[in-house]
Amino acid sequence: MKAITQDRYGSADVLRLTDVAMPPVGDRDVLIRVRAAGVDPGVWHLMTGLPYVVRIMGYGLRAPRTRVRGYDVAGTVEAVGGNVTRFRPGDPVFGMCDGSFAEHACARERNLSPKPANLTFVQAAAVPVSGLTALQGLRDHGRVEAGQGVLITGAGGGVGTFAVQLAKAFGAEVTGACSAPKVDLVRSIGADHVVDSTHDDLTQARRRYDLILDTAGARPLSQLRRVLADRGTLVIVGAEGGDRWIGGIDRQLRAVLLSAFVRHTLRMFIARCRAEDLRLLAELIEAGKVRPVIDQVFPLSAAADAVRYLAEGRARGKVVIEV
């Protein structure tokens, strides 16, 4: 089968379209005929091996331990392991797995859910990583409540576009901060207020927020705390920025340590793939409360271009690879 592979760390130039063996199917695995795969910042980190702490975390010190890139997946079930009970061949599914930039991929049964009926495979592939991150950041770690004032930074990106819609679905008053080219998009997906972070100083605003979901990763903690309500919560998503050794992880750790000494609640987290959360996202999508926002779709052969485009930071919503 065809797949996007890499044998060394580096820029998108290390990605190659090659022939590889079909993935083995374990007892609890689902073999998927991949129709589309989303592109998220994690793909870039595993491709470059940056920050270096990524390699120490088990992804391979000198070269990637997993050759095939990709995590978001949407497609049809082709085969199932002996202990799989929720799916059968022909079922349309979406979720997460290693190696989704390929014609076939294997996923654990627990990491999949039936595809939302009103989405194409391309649209469904945009949901898992970013949708789950936004959902768990707001609900589980931010404990968002109806009537709260919520600020989403990076509101025009993959996680941000889901976060704006989910916060509205939870009944919050939502402010989205984004660059100038994305202002109209963020307003169109339901933000009550939009801050043009290219020209406006967010920290000088008079508004104070009960919850900030920070997906942009560039502002110092002191600036974000300046616009938090007295007992407000800051949830940091991702570890962008920083140096080549630990990236933005130091900012996350400083937030957690500082939280013990201030009135604000400062949190970091890593999203987890849960079938029940995928089902909730599917329900919200089918009810018309949330929709994936897709900027560009690339063919599998142009996966390197898709990753380059995402890394430039200009994507409005998600970038997706169609297989």
Side-chain angles (χ1 to χ4, degrees), residues 1-25 29-50 54-55 58-60 63-79 92-108 111-113 115 119-133 157-159 238 271 273 278 292 294-312 315 317-323:
M1 69 173 188
K2 298 291 185 182
I4 298 297
T5 64
Q6 67 174 113
D7 296 308
R8 58 188 175 89
Y9 291 119
S11 69
D13 294 337
V14 303
L15 300 179
R16 294 284 186 270
L17 180 65
T18 58
D19 289 303
V20 300
M22 291 280 287
V25 183
D29 291 342
V30 176
L31 179 66
I32 303 167
R33 171 63 177 92
V34 179
R35 299 288 298 277
V39 185
D40 68 276
V43 170
W44 183 87
H45 287 296
L46 294 184
M47 178 188 75
T48 59
L50 296 174
V54 168
R55 309 186 191 195
Y59 292 100
R65 181 165 294 177
T66 302
R67 293 183 67 215
V68 183
R69 293 278 64 81
Y71 204 34
D72 278 324
V73 67
T76 54
V77 174
E78 192 152 298
V93 295
F94 79 124
M96 296 184 189
C97 68
D98 287 325
S100 62
F101 292 1
E103 292 177 331
H104 291 84
C106 252
R108 289 289 188 179
N111 291 341
L112 296 173
S113 183
K115 180 182 73 67
L119 294 188
T120 66
F121 285 106
V122 167
Q123 291 172 319
V127 177
V129 170
S130 295
L132 289 175
T133 301
V159 174
C273 188
L278 287 171
I294 297 174
D295 185 325
Q296 289 201 39
V297 180
F298 293 80
L300 182 63
S301 59
D305 293 330
V307 177
R308 289 190 191 96
Y309 183 74
L310 180 73
E312 290 171 358
K318 290 283 290 191
V319 176
V320 177
I321 292 169
E322 189 169 19
V323 181

Compare every heavy atom of [Y] with every heavy atom of [X], then report the nearest pair and how far apart it is.
X	Y	answer
Phe94	Lys115	CD2-CA, 3.7 Å
Ile321	Ala306	CG1-CB, 4.0 Å
Gln123	Ile294	CA-CD1, 3.6 Å
Val25	Cys106	CG2-SG, 3.7 Å
Gln6	Pro64	NE2-CG, 3.4 Å
Pro41	Leu310	N-CD2, 3.7 Å

Any residue meeting side-chain hydrogen bond (donor to acceptor under 3.5 Å, both in side chains) with [X], in chain and number order, not counting sequence neighbours:
X	answer
Thr76	none
Asp295	Tyr309
Arg308	Asp13, Asp305

Tell me which donor-acceptor pairs under 3.5 Å the side chains of residues 96-104 have, and how far apart each pair is, sequence neighbours excluded?
| unit_1 | atom_1 | unit_2 | atom_2 | d |
| --- | --- | --- | --- | --- |
| Ser100 | OG | Tyr71 | N | 2.9 |
| Ser100 | OG | Asp72 | O | 2.8 |
| Glu103 | OE1 | Lys2 | N | 2.9 |
| His104 | NE2 | Glu78 | OE1 | 3.3 |
| His104 | NE2 | Glu78 | OE2 | 3.1 |

**Q.** Arg33: partners by salt bridge (charged side-chain N to carboxylate O under 4.0 Å, His left out), with sequence neighbours left out
**A.**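 Scan of Arg33 (salt bridge (charged side-chain N to carboxylate O under 4.0 Å, His left out), adjacent residues dropped) gives none.
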Q: Name all residues meeting the salt bridge (charged side-chain N to carboxylate O under 4.0 Å, His left out) criterion together with Asp29; count only those two or more places apart in sequence or in a different chain, and write none if there are none.
A: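 Here the qualifying residues are Arg108.
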Q. Would Leu119 and Val127 count as a side-chain contact (heavy atoms from CB on, under 4.5 Å) if you check the C-alpha gap in whole Å, the side-chain angles of each, and the deciding distance to 0.1 Å?
A. CA-CA 10 Å; Leu119 294 188; Val127 177; 4.1 Å; yes
Any chance you could measure [X], atom [atom1], to [Y], atom [atom2], to the nearest 0.5 Å?
X	Y	atom1	atom2	value
Arg8	Arg67	CZ	CZ	13.0 Å
Ile4	Thr18	CD1	OG1	7.5 Å
Cys273	Asn111	SG	CG	4.0 Å
Arg69	Leu46	CZ	CG	5.0 Å

Within a strict 4.5 Å, meaning less than it, do heavy atoms of the [X] and [Y] side chains meet?
X	Y	value
Val39	Lys318	no
Arg35	Pro92	no
Pro128	Leu278	yes

Q) Take atom CD in Glu322; do more than 12 heavy atoms of anything else shown fall under 6.0 Å from it? A)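 Check fails, neighbour count at 12 or below.
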**Q.** Ile32/Leu112 under side-chain contact (heavy atoms from CB on, under 4.5 Å): CA gap, chis, key distance, verdict
**A.** CA-CA 10 Å; Ile32 303 167; Leu112 296 173; 3.8 Å; yes
